[in-house]
Protein chains: 2
Amino acid sequence: MIIFIPPATSTPVNIMETKPDNMIRITTQRQIILEELAKVKTHPTASELYDMVRKRLPRIGLGTVYRNLELMAENGMILKLEVGGTQKRFDATTDTHYHIRCSGCGRVDDIDTPVMDDLVKEAAASSSYLVQGHHVEFTGVCPSCQEKNKDVTYQ
Amino acid sequence: MIIFIPPATSTPVNIMETKPDNMIRITTQRQIILEELAKVKTHPTASELYDMVRKRLPRIGLGTVYRNLELMAENGMILKLEVGGTQKRFDATTDTHYHIRCSGCGRVDDIDTPVMDDLVKEAAASSSYLVQGHHVEFTGVCPSCQEKNKDVTYQ
DNA sequence: CGGTATAAAAATAATCATTCCCAACATCTT
DNA sequence: AAGATGTTGGGAATGATTATTTTTATACCG
Ligand SMILES: [Mn+2]
Ligand SMILES: [Mn+2]
Ligand SMILES: [Zn+2]
Ligand SMILES: [Zn+2]
């Protein structure tokens with residue numbers, strides 16, 4: 001069973017070239033990558049997702065995971081989080097929301113403070129950029145890392 | 001001439017072990033890396049900085065640049081920006097401020113909207129993390145990339 | 001349906017940023 | 001001055017990501 005979904009045209013789009021036929025095919029691999037990503041709230045990295053997906057598709061390649069995460073992010077199906085740390089992370093929740101990253105272990109969680117959409121307008125007013133979006137990243141110490149380091153005082 | 005500067009104790013600090021003698025030595029290399037970084041507002045990457053520094057210190061190694069940028073960031077002398085894109089960027093301005101990254105060329109500029117310090121309190125209230133800080137990153141298209149792509153419509 | 005064109009996957013190689021390692025050199029301590 | 005300690009340069013190693021090539025799956029058309 002193959003489903004097509006229309007592209008959620010994000011970033012730059014040349015109006016003259018917008019073909020009506022650029023749809024993404026939902027292959028087994030894409031389906032399962034998406035399902036596994038949607039299952040968790042942990043914002044996994046590509047290789048974490050690879051491990052999750054391999055339990056259901058043992059023969060999938062890491063390159064396939066990378067390629068499709070990239071593709072799905074371009075199509076607005078998922079979010080590619082370019083947060084601190086060495087690896088990119090992915091998020092099946094595409095509504096704008098903010099994140100916090102643990103400075104101890106790198107774990108990333110959602111922060112449920114209200115989104116400030118008018119920040120973009122403010123930024124646009126104060127710069128010569130064409131402002132497209134924004135995101136807020138908090139840093140802190142996750143509960144588990146606090147527990148591990150009771151002797152350490154954070155300031 | 002060697003100058004010592006005291007460490008701007010940032011992140012985790014064990015009060016019991018805070019030695020009074022952990023100072024960073026300002027070697028020629030460190031001095032020049034810092035000077036070159038302070039000269040620009042472009043938030044250069046390590047290798048861009050390497051190229052700048054090499055004009056004054058032709059024999060310096062790329063590893064030295066990485067090592068010292070890391071060290072100076074740990075000591076709060078500079079900022080290590082973990083923004084989107086493939087490379088880390090550095091900033092001699094250590095006061096909290098926000099940035100915008102061009103989705104076309106990766107360039108990073110300052111955004112001069114007021115810093116919202118109370119965001120950290122809000123985040124702390126709504127999560128079990130010990131919240132330490134925050135930063136806001138806007139994305140957009142820089143003037144030069146707008147010029148280059150007049151035919152493209154951004155939305 | 002069968003045959004061909006096209007898209008995607010798997011396997012593997014290549015690239016890029018960053019870190020690690022170590023021998024040589026510099027600075028500090030006494 | 002001599003030993004201890006810190007720093008550098010150069011190069012190798014690592015880790016994440018991307019590119020390339022071959023194979024497999026799906027679509028398209030008669
Ligand atoms: Mn999220
Ligand atoms: Mn800045
Ligand atoms: Zn943690
Ligand atoms: Zn640009």
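Lettering follows sequence order; numbering is per chain, from 1.
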Can you measure B:Ile33 atom CD1 to D:dT7 atom C1' for me and round it to whole angstrom units? 12 Å

So, OP1 or OP2 of D:dT7: does either fall under 4.0 Å of a side-chain N or O from B:Asn68? no

Residues B:Val108 and B:Arg89: closest non-hydrogen pair is CG2-CD, 3.5 Å

Does either side chain, that of A:Asp109 or that of A:His43, offer a donor lying less than 3.5 Å from an acceptor on the other one? no

Please determine whether salt bridge (Lys or Arg N to Asp or Glu O under 4.0 Å) holds for the pair B:Arg67 and B:Glu70, giving the CA-CA distance in whole Å, both sets of side-chain angles, and the decisive distance to 0.1 Å. CA-CA 5 Å; B:Arg67 180 168 7 93; B:Glu70 187 63 43; over 6 Å; no

Within the structure, does a side-chain N or O atom of A:Thr27 lie under 4.0 Å from either OP1 or OP2 of D:dA25? no

Between CD of A:Glu82 and C1' of C:dA17 the distance, given in whole Å, is 15 Å

Nearest-0.5 Å distance that lies between atom CD1 in A:Ile32 and atom OG1 in A:Thr64: 12.0 Å

Checking contacts here: which listed nucleotide (C:dA8, D:dA16, D:dG6) is nearest the side-chain heavy atoms of B:Arg25? D:dG6

Separation of C:dA9 atom P from A:Gln31 atom CD, nearest Å, is 12 Å

Measure CZ/B:Arg30 against P/C:dA26 and give the value in whole Å, please. 15 Å

B:Met72 CE to D:dT7 P: how many Å, rounded? 12 Å

Below 4.0 Å: OP1/OP2 of D:dA25 and any side-chain N or O of A:Gln29: no

C:dA17 P sits how many Å from A:Gln87 CD, rounded? 17 Å

Out of C:dA9, D:dT7, D:dG9, minimum distance to the side chain of B:Thr64 belongs to D:dG9

Evaluate B:Glu35 against B:Arg56 for salt bridge (Lys or Arg N to Asp or Glu O under 4.0 Å), listing each step before the verdict. CA-CA 11 Å; B:Glu35 283 176 12; B:Arg56 293 174 59 187; 2.7 Å; yes

Pairs under 3.5 angstrom, nitrogen or oxygen only, protein versus nucleotides 18-22 of chain D, please.
none

Any idea which of C:dA9, D:dG10, D:dT8 is nearest the B:Arg59 side chain? D:dG10

Please check if atom CZ in A:Arg54 has more than 12 non-hydrogen atoms from other residues, nucleotides or ligands closer than 6.0 Å. yes

In residues 43-57 of chain A, which ones come under 4.0 Å of DNA chain D, going by heavy atoms? none

Take B:Phe138 and A:Glu122, measure what side-chain contact (heavy atoms from CB on, under 4.5 Å) needs, and give me the verdict at the end. CA-CA 11 Å; B:Phe138 295 90; A:Glu122 280 182 48; over 6 Å; no

Is there a donor-acceptor contact under 3.5 Å linking the side chains of B:Asp91 and B:His99? yes

Heavy-atom closest pair, residues B:Gln132 and A:Ser103: OE1-OG, 3.2 Å

Rounded interatomic separation in angstrom, taking CD1 from B:Ile60 and P from D:dT7: 14 Å

Report the distance from atom CG of A:Asn75 to atom C1' of C:dA8, rounded to the nearest whole Å. 15 Å

